[in-house]
Amino acid sequence: QVQLVEAGGGLVQPGGSLRLSCAASGFTFSNAAMNWYRQPPGKERELVAGITSTGGSTNYADSVKGRFAISRDNAKDTVYLQMNSLKPEDTAVYYCNARRRWIGATMGYNYWGQGTQVTVSS
């Protein structure tokens with residue numbers, strides 16, 4: 001059974017920090033690109049950060065560059081999102097995503113966690 005289990009969300013004051021984690025199981029974690037998405041209240045889901053299967057490349061939404069950092073530990077089948085200098089506009093449900101492209105004979109997939117709430121408020 002494929003599972004992506006997020007943890008680390010909660011309530012934090014503006015300027016504070018949180019570290020989200022996503023523990024993966026049921027598939028070969030090291031083959032998957034991992035992403036963090038978020039969905040603010042009443043807004044569409046948006047990509048926050050992504051990291052390649054080896055961790056060799058990352059990308060970030062402009063709104064979080066310099067404040068957030070995605071990382072992964074393939075030995076622990078876990079991806080992290082370190083969030084610093086949090087702002088109220090960072091408030092959202094954050095989702096972990098595992099993606100592998102369907103190319104040729106390679107079976108692709110697109111898995112999602114259940115989400116974890118991050119609230120930034122004074």
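Values in this document were obtained by computation on a predicted structure and should not be read as measured data.
- Annotation for Pro14 and Ser122: closest pair CD-N, 3.6 Å, computed over non-hydrogen atoms.
- Between Ser17 and Gln82, the closest heavy-atom pair is CB-NE2, 4.0 Å.
- No side-chain donor-acceptor contact under 3.5 Å links Arg101 to the backbone of Thr106.
- The hydrophobic cluster containing Trp36 also contains Leu86, counting ILVMFWY residues as joined when their side-chain heavy atoms lie under 4.5 angstrom apart, directly or transitively.
- Put simply, CG on Asp77 and OG on Ser30 are 7.5 Å apart, with the number rounded to the nearest 0.5 Å.
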(message) Working note: Asp90 + Lys87, criterion salt bridge (charged side-chain N to carboxylate O under 4.0 Å, His left out); need CA distance, chi angles, decisive distance, verdict.
(response) CA-CA 5 Å; Asp90 295 319; Lys87 305 174 180 179; over 6 Å; no

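- Considering all non-hydrogen atoms of both residues, Leu47 and Ala61 come closest at O-CB, 3.4 Å.
- Side-chain atoms of Thr91 come within 3.5 Å of backbone N or O of Val120 as a donor-acceptor pair.
- Formation of a donor-acceptor pair under 3.5 Å by the Glu6 side chain with backbone atoms of Cys22 is not found in this model.
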(request) Step by step, work out the side-chain contact (heavy atoms from CB on, under 4.5 Å) result for Gln117 and Leu11. (result) CA-CA 8 Å; Gln117 177 71 47; Leu11 175 65; over 6 Å; no

(message) Applying side-chain contact (heavy atoms from CB on, under 4.5 Å) to Gln39 and Tyr95, what does each step give before you reach the verdict?
(response) CA-CA 8 Å; Gln39 187 166 18; Tyr95 296 93; 4.2 Å; yes

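- In terms of hydrophobic clustering, with Ile, Leu, Val, Met, Phe, Trp and Tyr side chains grouped at heavy-atom distances under 4.5 Å, Tyr111 and Tyr80 are assigned to different clusters.
- With hydrogens and angles ignored, the 3.5 Å screen pairs a side-chain donor or acceptor of Arg67 with a backbone N or O of Ser85.
- Under a hydrophobic clustering in which Ile, Leu, Val, Met, Phe, Trp and Tyr are joined whenever their side-chain heavy atoms come within less than 4.5 Å, directly or via other members, Trp112 and Met34 fall into different clusters.
- Looking at every heavy atom in both residues, Ala98 comes nearest to Leu4 through N-CD1, 3.8 Å.
- Around the CD atom of Gln13, the shell of radius 6.0 Å holds no more than 12 heavy atoms that belong to other residues, nucleotides or ligands.
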(message) As a quick check of understanding, evaluate side-chain contact (heavy atoms from CB on, under 4.5 Å) for Lys76 and Ser21, giving each step before the final call.
(response) CA-CA 11 Å; Lys76 296 183 177 181; Ser21 64; over 6 Å; no

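- Counting all heavy atoms, side chain and backbone alike, Ala92 lies closest to Arg38 at CB-CB, 3.7 Å.
- Side-chain atoms of Thr52 come within 3.5 Å of backbone N or O of Ser57 as a donor-acceptor pair.
- Side-chain contact between Met83 and Val64 is absent, with no heavy-atom pair separated by less than 4.5 Å.
- Transitive grouping of hydrophobic side chains (ILVMFWY, heavy atoms separated by less than 4.5 Å) brings Ile70 and Phe68 into a common cluster.
- Gly26 and Val2 make their closest contact through O-CG2, 3.6 Å (heavy atoms, listed as atom of the first residue, atom of the second, distance).
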(request) Could you go through the side-chain contact (heavy atoms from CB on, under 4.5 Å) check for Arg99 and Asn35 one step at a time? (result) CA-CA 8 Å; Arg99 182 179 297 116; Asn35 307 284; 2.9 Å; yes

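- Here the CG atom belonging to Asn110 is positioned 13.5 Å from the CZ atom belonging to Arg100, to the nearest 0.5 angstrom.
- Applying the side-chain contact (heavy atoms from CB on, under 4.5 Å) test between Tyr37 and each of Asn97, Val48, Val93 identifies Asn97 as the sole match.
- Checking Ser53 against Asn31 by side-chain atom types alone, no donor-acceptor pair falls below 3.5 Å.
- Ring orientation note: the planes of Phe29 and Phe27 are tilted relative to one another, at an angle of 30° to 60°.
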